[in-house]
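Take a look at the structure below.
First listed ligand is number 1; within each ligand, the first listed atom is number 1.
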Amino acid sequence: MSTEEAPQNIPLGKPTAARMYDEALGGKDHFEVDRAANAKLYEVIGEKRVRSTARENRRFLGRAVRHLAQERGIRQFLDIGSGLPTASNTHQIAHKADPTARVVYVDIDPIVAVHGRALLADDNTRIVTADMRRPETILGNAEVMDFLDFSRPLAILFVAVFHFVTPAEDPSRIVAAFRERQAPGSYVAISHLTTDGMSEEEQGGWRAGFAGATVPLVLRSEPEIRALFTGYDLLDPGLVRPCDWHPEADEWPRTTSLFGGVGALA
Ligand SMILES: C[S@@+](CC[C@H](N)C(=O)[O-])C[C@H]1O[C@@H](n2cnc3c(N)ncnc32)[C@H](O)[C@@H]1O
């Protein structure tokens, strides 16, 4: 996309995570500033590895939603840090199980709502611009709370978003704020970039790539990511490389960049 085509409220001066991820997935909704930031990632980490990480993560999201909708009967999804619409979005997967399943997308980046409203128009889908670091802006949002029924089981997706939350912003506090509102029988899905299995050089490359972005990148160890599931019971196979979470026969790509898992609330 050229900057002349950008809607007015879109920040253009800095790369954003949503648009960088869109570029890494081969989408079209990004600008020169995002391509330049990704070029830095590709230079240090390797283009194939970065793109494979994005794809592996996206495939995990798809399988987690399918599992929750088809095997666990979940009919409500709150997809936080949802990113720009791409192929196989949460509502499309959920609607294959039940066209009346309700999905709310939340993202801090206003470009998601701008593109989403046009592409995801659907009676059973909503899109909200909010910052999950302030959970009350989501849990106190009438559009979200009128549409979703928190007294019934509901899945919250935090897929590839907690690495944009610093330790000072206290990720555990954020998960807890949502968990405390969920009914028994609810779920959480989380994936996260990790230091485990990543060289110092690659870790530095990820941080440098996001250094000028609207939000910094924080890599976490496996125990730190596991701690985000406090209060939930991890479903089999536990917290694993996303490609190993209920893999399909030909599961690809495989990286050691992330961990992912799904937790159940008893
Ligand atoms: C790497 S993308 C992941 C998109 C999608 N969840 C997926 O896994 O395919 C991360 C998204 O999180 C969003 N994000 C980052 N910080 C956020 C925050 N504090 N509140 C809400 N969204 C946030 C970014 O704008 C971006 O769209």
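In terms of modelled atom types and a separation under 3.5 Å, the side chain of Arg63 and the main chain of Trp245 share a donor-acceptor contact. No donor-acceptor distance shorter than 3.5 angstrom exists from the side chain of Arg66 to the backbone of Glu71, with no hydrogens or angles considered.
A heavy-atom distance below 4.5 Å is not found between the side chains of Leu157 and Ile80.
Here is the list of ligand 1 atoms found below 4.0 Å of a heavy atom in Gly83: 4 (C), 27 (O). Against a heavy-atom cut-off of under 4.0 Å, Asp109 is close to the following atoms of ligand 1: 25 (O). Near Phe164, meaning under 4.0 Å from one of its heavy atoms, ligand 1 places the atoms 10 (C), 15 (C), 16 (N).
Heavy atoms of Thr16 stay at 4.0 angstrom or farther from ligand 1. Residue contacts with ligand 1: Asp131 is included, with a non-hydrogen atom under 4.0 Å away.
Note that Arg102 lies in the cation-pi zone of Phe147, set by a 6.0 Å cut-off to the ring centre and a 45° limit from the axis.
Closest to atom 8 (O) of ligand 1, if we only count protein heavy atoms, is Asn57 ND2, 2.8 Å. Looking only at protein heavy atoms, the nearest one to atom 20 (N) of ligand 1 is Met132 N, 3.0 Å. In terms of protein heavy-atom proximity, atom 2 (S) of ligand 1 is nearest to Tyr21 CD2, 3.7 Å. At the shortest separation from atom 1 (C) of ligand 1 among protein heavy atoms lies Ala160 O, 3.5 Å. Scanning the protein heavy atoms around atom 17 (C) of ligand 1, the nearest turns out to be Ile108 CG2, 3.6 Å. Nearest protein heavy-atom contact of atom 11 (C) of ligand 1 is Gly81 O, 3.5 Å. Distance from atom 26 (C) of ligand 1 to its nearest protein heavy atom, with residue and atom name: Asp107 OD2, 3.5 Å.
Contacts of Arg58 with ligand 1, taken as heavy-atom pairs under 4.0 Å, involve the side chain alone. Looking at Val106 against ligand 1, nothing comes within 4.0 Å, counting heavy atoms. Only the backbone of Ala130 comes within contact range of ligand 1, with a heavy atom under 4.0 Å; no side-chain atom does. Under 4.0 angstrom from ligand 1, the non-hydrogen atoms of Ser82 all belong to its backbone.
Screening Arg49, Arg241, Glu202, Glu56 for a side-chain hydrogen bond (donor to acceptor under 3.5 Å, both in side chains) involving Thr256 leaves a single residue, Arg49. When each of Leu239, Asp236, Leu235 is checked for a side chain to side chain contact (heavy atoms under 4.5 Å, CB included) with Val262, only Leu235 meets the rule.
Not one N or O of Ile80 is nearer than 3.5 Å to an N or O of ligand 1, by distance alone. In terms of polar-atom proximity, defined here as any N/O pair under 3.5 Å, Val159 does make such a contact with ligand 1.
Residues Ser221 and Asp196 have side chains that never bring a donor and an acceptor to within less than 3.5 angstrom of each other. Checked by atom type, the side-chain pair Asn89/Arg58 shows a donor-acceptor distance below 3.5 Å.
Classified by interplanar angle (parallel below 30°, tilted 30° to 60°, perpendicular above 60°), the ring pair Phe178/Phe158 is perpendicular.
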